[in-house]
Amino acid sequence: MADAINIRALAADVLAPLLRQHGSLNTHLPDALAHCPPQDRALLQQLCYGSMRELFRLQALAQKLLQKPFKPQDMDLQALLLIGLWQLRSSRIPAHAALHETVEATLVLNKPWAKKLFNAVLRRYQREQDTLEQQLADDPCFTWNHPDWFVSKLQHNWPDHWQHILAANDEQAPLTLRVNRRQQSREQALARLNAAGIDASTCRFSADGLTLAQAMDVNALPGFEQGALSVQDEAAQLAVQLLDLQPGLRVLDACAAPGGKLCHLLEVAPELQAVTAVELEPARAQRIADNLQRLNLQLECQVLTADASSRDWWQGQPYDRILVDAPCSGTGVIRRHPDIKWLRRGEDIAALAQVQLGILANLWQLLPPGGRLVYATCSIFSQENERIIERFLKQQADARHAPIEAPWGEARPFGRQLFPQPGGHDGFYYAVLSKATDT
């Protein structure tokens, strides 16, 4: 493929295993980008993310257009068809270029028999787009562009918000930055960006957040390579406020990868006594180390590759503050990871809830009386959020729920829920617990 790279074929190779429920964009796209000419990498990402973002609508259209579905061994062609439909339906790519390159990709995929089929199907969609989409108007998967289980669960959890959440999930998330206050103030960072011709604005709720008007290569941002700026959504930046960090405290960040919240707390609280980060997966632990290195914070934190649901790594000294950024469904960050709504299953939520409760119960033993634990997820389902806290409080006699008074999100009986906002923060959940001193 080196002689004549076809970016659509490369994108189909990325998406085909996802359609088989193997891997994710995070696991398959990096290798494809490495084999992609630099000038085409943005297009490759656009094709992959755009097609996955509209997957359920595209699948419904493909089913309408094909007389019979592709065989399992031709899932690369299914992926290619979705990519072709996405270009014609939603991209700014000229239709003639999208058609030509997509049809030619069948040859690159060694499926020459499909060339005439793709030409006919994509041209038919061009001619009959309005009619085809009107015929699908009563199909919930086409209308809501999410799996049935997801829509049903969302309607049950959030009867007043579910349509807004579904719409927000299908938008592209903004590029939000965290200012490293050790190097500059937010006002100084904003001035540097504006001087470089980069349009940015301050976040509403995070004191360290800036949002760019348009996404760009972060390495081109003034000060990024020197650690003056990091990429982090505004909702994730709120964890530091809730930890109530003070000089001399011992802090644990559990399930810490990729290290955004960890680096943030080190930036804002340089006089902590000790900071430990725990991450189960070695590859993700390396991402923490890389982030600490870029920000020159590697000497201020101990990173352990260990399981937060066990204590075989613990040295026996309690932590005054614990951040439990629990493994979750990721349903609050679908707009950043659109493959989540395809790869996630309804039954995953109950299994994740058991993991979350287990980690919370285990780490509670590391907190001294008077200590504070912040529980966080990037989920919008109450089964992973407020219900976990409710169950934990019933199990743990010395646990106290501390209501969060804040201008962001929606107050719940336990904790506070944020929903994804157009042009703003992701979906997120926080709860604060303290350990009683009178038991």
Side-chain angles (χ1 to χ4, degrees), residues 14-15 18 24-26 29-30 33 41-57 86 90-92 144-146 150 154 158 161-179 193 198-206 208-221 224 229-239 257-261 264 287 291 325 328-344 376-381 408-410 417-430:
V14 172
L15 298 190
L18 270 68
S24 65
L25 282 175
N26 281 346
L29 185 55
L33 288 168
R41 286 173 187 163
L43 173 60
L44 177 59
Q45 286 189 288
Q46 185 183 25
L47 293 172
C48 292
Y49 275 88
S51 299
M52 289 307 296
R53 186 168 283 119
E54 296 189 29
L55 180 67
F56 290 87
R57 290 196 181 106
W86 178 79
S90 302
S91 79
R92 297 181 181 177
W144 303 118
N145 194 36
H146 286 70
F150 189 103
L154 207 57
W158 304 110
H161 301 289
W162 66 276
Q163 291 183 334
H164 160 82
I165 295 170
L166 292 176
N169 282 352
D170 286 345
E171 296 194 1
Q172 189 167 344
L175 179 56
T176 301
L177 306 172
R178 184 188 75 244
V179 176
L193 291 172
I198 299 168
D199 187 9
S201 58
T202 57
C203 288
R204 181 180 175 189
F205 305 119
S206 169
D208 298 315
L210 293 171
T211 297
L212 300 189
Q214 291 193 341
M216 60 178 292
D217 179 2
V218 293
N219 293 302
L221 295 170
F224 182 84
L229 298 168
S230 295
V231 176
Q232 188 180 37
D233 181 70
E234 181 182 21
Q237 295 182 34
L238 302 175
K261 300 177 189 67
H264 192 195
R287 291 187 64 191
N291 278 320
D325 190 4
C328 72
S329 62
T331 46
V333 293
I334 282 175
R335 56 189 190 164
R336 297 187 191 277
H337 305 281
D339 48 341
I340 284 175
K341 59 184 172 183
W342 170 253
L343 299 172
R344 188 64 70 197
T377 76
C378 53
S379 170
I380 42 82
F381 289 136
W408 46 261
E410 179 171 303
Q417 181 72 55
L418 298 107
F419 304 115
Q421 299 295 314
H425 58 69
D426 290 338
F428 229 84
Y429 172 81
Y430 286 108

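This one's a predicted model, so the numbers in the text were calculated from it and none came from an experiment. In this chain, residues are counted from 1 in sequence order.
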With a 4.5 Å cut-off on side-chain heavy atoms, are [Y] and [X] touching?
X      : Y      : result
Ile380 : Pro420 : yes
Phe381 : Phe150 : yes
Leu212 : Leu193 : yes
Trp342 : Leu15  : no
Leu177 : Thr211 : no
His164 : Pro422 : yes
Trp144 : Leu154 : no
Pro338 : Leu55  : no

Say whether, by atom type as modelled, one donor and one acceptor occur between the side chain of [X] and the main chain of [Y] under 3.5 angstrom.
X      : Y      : value
Gln417 : Gly427 : no
Asp199 : Gln214 : no
Asn291 : Gly259 : no
Tyr430 : Ala235 : yes
Gln421 : Phe419 : yes
Arg178 : Asp208 : no
Glu234 : Thr176 : no
Lys341 : Arg53  : yes

I would like to know whether Met216 and Leu221 meet side-chain contact (heavy atoms from CB on, under 4.5 Å); could you show each step before the answer? CA-CA 8 Å; Met216 60 178 292; Leu221 295 170; 3.5 Å; yes
Might you confirm whether atom CD of Gln172 has over 12 heavy atoms from other residues, nucleotides or ligands at distances under 6.0 Å? no
Just wondering, more than 12 heavy atoms not from Arg287 lying within 6.0 Å of its CZ? no
Trace of the side-chain contact (heavy atoms from CB on, under 4.5 Å) decision for Leu238 with Phe428: CA-CA 10 Å; Leu238 302 175; Phe428 229 84; over 6 Å; no
Measure up the His161 and Trp158 rings against each other and bin them: parallel (under 30°), tilted (30 to 60°), perpendicular (over 60°). perpendicular
Classify the ring geometry between His425 and Phe205 as parallel (under 30°), tilted (30 to 60°) or perpendicular (over 60°). tilted
Could you tell me which residues satisfy ring-ring contact (aromatic ring centres under 6.0 Å, His included) with Phe224, sequence neighbours excluded, listed by chain and number? none
Side-chain H-bond candidate by donor/acceptor type, Gln46 with Ser91, under 3.5 Å: no
Chi angles and distances behind the side-chain contact (heavy atoms from CB on, under 4.5 Å) call for Val231, Leu175: CA-CA 7 Å; Val231 176; Leu175 179 56; 3.8 Å; yes
Would you please test Leu44 and Leu29 for side-chain contact (heavy atoms from CB on, under 4.5 Å) and show each step? CA-CA 9 Å; Leu44 177 59; Leu29 185 55; 4.1 Å; yes
What I want to find out is whether Asp170 reaches Arg57 closely enough, with some N-O distance under 4.0 Å, to be called a salt bridge. yes
